[in-house]
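Structure record follows, encoded as structure tokens.
Values reported hereafter were calculated over all heavy atoms of this structure, with side chains retained and with hydrogens, waters and symmetry mates removed. Each chain gets a letter, A, B and so on, in the order its sequence line appears, and its residues count up from 1.
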2 protein chains.
Amino acid sequence: MTKTAFDKIKAGLDEAKAYLDGSANKRAYGIHVPPKVNVKKIRTRLGLSQESFAQTYGFALSAVRDWEQGRRQPERSARILLRVVEREPEAVKRALAKSA
Amino acid sequence: MTKTAFDKIKAGLDEAKAYLDGSANKRAYGIHVPPKVNVKKIRTRLGLSQESFAQTYGFALSAVRDWEQGRRQPERSARILLRVVEREPEAVKRALAKSA
DNA sequence: GATCATACTACGGCATTGCCGTAGTATGAT
DNA sequence: ATCATACTACGGCAATGCCGTAGTATGATC
């Protein structure tokens, strides 16, 4: 119970802080989630093997395989991430870097 | 057949280009995929409602709900993406922006 | 105090994917 | 010919994705 209370207070503070930072973004349209993604294309453009690609961006190797072989379709979150990897690969690396 | 041939050639060229660009990254360790992610925390820090959060970064609203309610655990790709959203939110927005 | 909108919780439910493992093939190097 | 690397192929279960509906909490407006 105290936990929930703290959580609420904390969330409130965080939210307030965010608003004060001016990062409260209302209109959020114009976003595009690709229904299809050419994983192999993205990977080869980066010059990486399936294994390196998986290792570098955190994917499970098995998933990369399934995607490239057309056995499975990357789901929404994966498609978004793949898009980010394609367009902002360095940002992804930074975000996943262990020590800042 | 011609198609595969072209694909191979193209892949080869892409790969070569990548190498020439110096983006051929061998050692790919030091990457960290968080086993747990506090979605609510990430979202509130950004000052967004569940709906805005979903809309802004491309998530399905239902997924965000399930994650925050502890009903489902975001899977690997989702966890990675959430991490990127947390640390490089602007990069994600850029990557998903429709026109350029 | 009643009403209304917004935001979140809660959950049923099926199809689909995640992810692990194993085995086979292609290719370039030694 | 042998060996290592890289990719294809697939069995298989547990788990999530995602859709929909309904109920609750809260602040605003009158």
Whole angstrom value for the distance that separates C1' of D:dC18 from CZ of A:Arg79:
11 Å
State which of C:dC8, D:dT16, D:dA6 makes the closest approach to the side chain of B:Arg43.
C:dC8
Would you say A:Lys40 reaches D:dA6's phosphate, i.e. side-chain N/O to OP1/OP2 under 4.0 Å?
no
Can you tell me the pairing partner of C:dA15 across any strand shown, Watson-Crick or G-U wobble, with both distances under 3.5 angstrom?
D:dT16
Side-chain donor/acceptor of B:Arg71 to base of C:dG12, under 3.5 Å
yes
Is B:Arg87 close to A:Arg94 at the side-chain level, that is, under 4.5 Å between some pair of heavy atoms?
no
When you get a sec, tell me which of C:dT9, D:dC19, D:dA9 is the closest nucleotide to the side chain of A:Arg65?
D:dA9
Does B:Gln50 have a side-chain nitrogen or oxygen under 4.0 Å from the phosphate oxygens OP1 or OP2 of C:dT9?
yes
Checking C:dT9, C:dG18, C:dC19 against the side chain of B:Arg76 (C-beta onward), the nearest is C:dC19
Heavy atoms of A:Val64 and A:Ala54 approach each other most closely as CG2-CB, 4.2 Å
Checking N1-N3 plus N6-O4 or O6-N4 for Watson-Crick, or N1-O2 and O6-N3 for wobble, each under 3.5 Å, the partner of D:dA1 is C:dT30
Partner of C:dA2 under the Watson-Crick or G-U wobble criteria, both distances under 3.5 Å, comes out as D:dT29
If I take atom CD in residue A:Glu51 and atom P in nucleotide C:dC20, what distance separates them, rounded to the nearest angstrom?
13 Å
Nearest to the side chain of A:Asp66 - C:dT17, D:dC10, C:dC8?
D:dC10
When rounded to whole Å, the CG to P distance for the pair B:Leu61 and C:dC8 reads 9 Å
Euclidean distance, atom CD of residue A:Glu68 to atom P of C:dA26 [Å, nearest integer]
18 Å
Residue-phosphate contact under 4.0 Å: B:Trp67 side-chain N/O, D:dT16 OP1/OP2:
no
So which nucleotide from D:dT8, D:dC18, D:dG17 ends up closest to the side chain of A:Gln69?
D:dT8
Report the distance from atom CG of A:Leu81 to atom P of C:dT17, rounded to the nearest whole Å.
17 Å
Listed nucleotide nearest any side-chain atom of A:Ser49, set D:dC7, D:dG17, C:dC8:
D:dC7
Any strand, both distances under 3.5 Å, Watson-Crick or G-U wobble: D:dG23 pairs with C:dC8
A:Ile80 CD1 - D:dG17 C1' separation (whole Å)
12 Å
Give me the one residue out of A:Arg43, A:Lys41, A:Lys40 that meets side-chain hydrogen bond (donor to acceptor under 3.5 Å, both in side chains) with A:Glu68.
A:Arg43
Please state how far atom CZ in B:Phe59 lies from atom P in D:dC18, giving the value in whole angstrom units.
10 Å
Could you please name the option among D:dA6, D:dC19, C:dT17 that lies closest to any side-chain atom of A:Arg72?
C:dT17
From C:dT17, C:dT9, C:dC19, pick the nucleotide closest to the side chain of A:Ser62?
C:dC19
Going from NZ on A:Lys93 to CD1 on B:Ile31, what distance comes out if it is rounded to the nearest 0.5 angstrom?
8.0 Å
Mutual orientation of the aromatic rings belonging to A:Phe53 and A:Phe59 [parallel < 30°, tilted 30-60°, perpendicular > 60°]:
parallel
Interatomic distance, CG@A:Leu81 vs CZ@B:Arg79, rounded to 0.5 Å, equals 12.0 Å
